[in-house]
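I have placed the structure first, in the form of structure tokens, so that the comments after it can refer back to it.
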Amino acid sequence: MKRILLVEDNEMNRDMLSRRLARRGYDVVLAIDGEQAVTLTRLGRPDLVLLDMDLPIKDGWSAAREIRASGEYASVPIIALTAHAMSDDRARAIEAGCNDYETKPLDFARLVSKIEALIGPANAGAPR
Amino acid sequence: MNLQKRLTLAIFGVLLLFAVNVVTFAIGNKAIRESLDAASDAAHGQVNASGVRQELDALHKRLLVLATLRDSVGTGVSTAEGTRARGDILLIRQRIQRMTRNTNADSYDAYQALLGSAELMFQDWDRFLRQLRDPPPDRISIEDMKARYAQTIASLKDFESAVLAVSSRQSAQVEKAGRIIGRITIVVFLASIFLTSVLGFLLIRHTNESLRLLREGTVRIGSGALEYQIPVLSQDEFGQLARAFNDMAGRVRAAVAEVEAARRNADRANAAKSSFLANMSHELRTPLNAIIGYSEMLVEMTADDAELPARELSGDLQRIHTAGQHLLSLINNVLDLSKIETGKMTLYRESFDAVAALRELAATMQTLATRNKNRIEVNGSLDRFEIVTDQTRFRQIFANLLSNACKFTEKGVVSVSFEEFGDQGAQWLRVKVADTGIGMEREQLAAIFDAFVQADSSTTKKYGGTGLGLALSRQFCTLLGGRIRAESEPGKGSVFTVELPLDALAASIQAAPASEPDRAAETEPAPPVETPGAVSNVLVIDDDADARELTARALRQEGCHVWLAEGGKQGLRLAREHRPDLIVLDLSMPEMDGWEVLSVLKDNVETRDIPVVLQSMHDARDEGLQRGAAEFIEKPVNRRRLAETLSRLTPRDRSGHVLLIETASRMRDELIAELGSEGWYVSVTEQASEALAIARQHQPDLILLSLELPSEDVFSLSEELSRHQQLRRIPVYVLAGAEMESDTARRLESRLDKLVVQPRADIASLLDRVAR
């Protein structure tokens, strides 16, 4: 089963997104700030990280850079999520090392297709 | 020294030199003349002396001849000769005496010596002449006479040489004086020329230099170097001009700095607005993400499992609802701020217990407080504090302060304390909201009340919010005639102090519309049937408070909602804002009289169609009707006459606004159609929350509420309506099935002032009543 680390500080959005991903058959690990994101990337070995950019303690950009500079798990795909819809946010996210970028409110289908493009579909037979 | 003084001084100096010249010349001239006089005296003396000498010589010779004759002839000398000679002696003596005129101090001694020796000689000669016939032994000898003569001549020669010396000395003096005068004249003349040229040169140089500096300075200042200071060389006109230029540059500099500052402020405000928009976008997207996400998920879940019990969905639905509410409050905040900024915020005066309101607010904040493990304390010595102000805004102010305090504090205490105090002869309420949270730096503190500014942008990320709450709180405080201030220390917490007047009688706050009938309804509830259906909104404009109240009372008795305006300006504003169905306008008012108000009303597209009833002590019917008034009523107001006019001018088939809250059904559609055909404008919704939004925004004339909605929704809606001063007055007709439970009716009745329970079956009679 593919494992996704979801980093999101907003409780409601975290709950919603994690449940929707779980329904798609992904194993979802949760983190609520940038520091946890880095730690859990190291410990949880996710196949992909969904990273909110506006995070307490350490923001998404710093977390992404840290993950990219870390060595063995540096190549984990990261999709940035942000409620900022300014055009330069995307560039900033890519520059920080993210593979892709999605704007809130999320187009879930598009997000899933992006996830699948990066790590393939969740294991067949997982509960939908 | 100024230029004029300098020039005057220079001319004076030159004149002084000339004066010196003239004086020197006069003195010299006098000396020369005196010397010349002396010299001429001396010359005359010489001439006289030589004349005297010749005459003496001739006489002496004659006397010698006479003596010789006497000695040789004896007595033969005639006495006539002697007499003649004596006459000559007298003449010569006089002539010598006259020579005293030709003497001066230098020749005086010589002249005296001459006089002495001449006198002796003349005495000898006189004796000689008288003794011509005397015997020889007594005679004066010729030798004696010669000796005397020689002596006299010697004296005469001495005198002559003395006079000559005087004469030559004087002419030498004349020469010397002439030389000196000439020299002095030349020197003074040269000095004058020199002085004049030096002064001229200095003047020209100073003028040129000053002009050069002025020109340079103006060019530099003109090219934008406003901080440049023209050097002030002197205190003269040029100096004054330079200083004037410097002053001007200074003033221009200040003005430019002001403009610059204004521009920077505008830029800052603009940047703040841009960042606010970006933040807003972020803030709106976050709850939208939850709403869309959850609802999509629910659609998926229900599609996957048709049998899924609705109970399992309620948690997610609640989340969607919460996110939606959050979104709504964000939007409302922005709208409120925009209303305040454009001056469109309307306030209502109402009397309520501030202490109870604060306690209630604290209670509702409890949930938020416990989230961060905070405790809310309410301290105050007052049990009750009746305040007259806008209740909604009052609550908003403290809701903002309390939620901020709860948000920025963890495991701490949020305390609300209040006290009464007097200031400037009025009673005030002071409320302090204190927390033990993160606090703020001094710089942050300075900006927290500005719109669009949060303590810093990282705060937004950590704590959320639009940065509008405090800006709104401050604006509301100001609108309510009060003030707000904040004190804080980083890490220790913040204290917000709000001070509000006991009675906000500020002109900007109008009396709550129709508050009186409301209160009357509270004390003695009228039978529902008597409640008028579609009521008229009437604006009364009159400067006389008694007359205004009299008219208003009459109108209220006719079931009208009445707005009151104390003058033309307020009246026009209210007319534009509320578009009343009728305006009652007093003609004689200070500042802006009724005619003026009437013409503005009739010129304005928004108010042109509102009928205006003029009131005055004096008959002005014809003129009034000519100018566009609908009716004229003479004061004092006759109630019946007013009622007649009212019913004539506000026909009931006007398009009123009804809000229908009912689930979709065939019956609903029929009702909408019927209401429409009766001329009503109908808003329809199935949602209690949407109904509230519509009611707030449009303030319908009537609400039709179906009891088929979930009862919790019905109660929460009635709760919200009752809390709102403006909404509470809207009559609510509850469309109930025949079997409406009596306790439901009671619960609703306790909240709503104007509640009519209408059996659903009897819609026809409802419409009938509503139409009335």
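To find a chain, count down the sequence lines: A is the first, B the second, and so on, and within it residues start at 1. Nothing here was measured: the structure is a model prediction, and the numbers come from that model.
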Exercise for review: Go through the steps to decide whether B/M297 and A/F108 satisfy the test side-chain contact (heavy atoms from CB on, under 4.5 Å), and finish with yes or no.
Suggested key: CA-CA 10 Å; B/M297 184 167 69; A/F108 191 68; over 6 Å; no

**Study point:** Reported CG-to-OG1 distance for the pair A/D52 and B/T286, which is rounded to 0.5 angstrom
**Key:** 8.0 Å

Review point. So does A/R24 pair up with B/E300, basic N to acidic O under 4.0 Å?
Key: yes

Review point. Quick one: which of A/L106, A/T82, A/T103 gives a side-chain contact (heavy atoms from CB on, under 4.5 Å) with B/R285?
Key: A/T103

Review point. Among all residues two or more places apart in sequence or in another chain, which pass the side-chain contact (heavy atoms from CB on, under 4.5 Å) test with A/D47?
Key: A/K2, A/R3, A/I119

Show me the donor-acceptor pairs within less than 3.5 Å that the side chains of residues 434-441 of chain B make with the rest of the protein, sequence neighbours left out.
| unit_1 | atom_1 | unit_2 | atom_2 | d |
| --- | --- | --- | --- | --- |
| B/D435 | OD1 | B/G437 | N | 2.9 |
| B/D435 | OD1 | B/S494 | N | 3.0 |
| B/T436 | OG1 | B/V413 | N | 3.0 |

**Study point:** The single option from B/D316, B/I292, B/N289, B/I291 passing side-chain contact (heavy atoms from CB on, under 4.5 Å) against A/M16
**Key:** B/N289

**Study point:** From OH (B/Y294) to CG (A/N13), nearest 0.5 Å
**Key:** 7.5 Å

Practice item. List the atom of B/A323, the atom of A/M12, and the distance in Å for their closest heavy-atom pair. Key: CB-SD, 4.0 Å

Review point. Around A/E11, counting heavy atoms of other residues, nucleotides and ligands shown, do more than 12 lie under 6.0 Å from its CD?
Key: no

Review point. Of the backbone (N, CA, C, O) and the side chain (C-beta and beyond), which part of A/D15 lies under 4.5 Å from a heavy atom of chain B, both, or neither?
Key: both

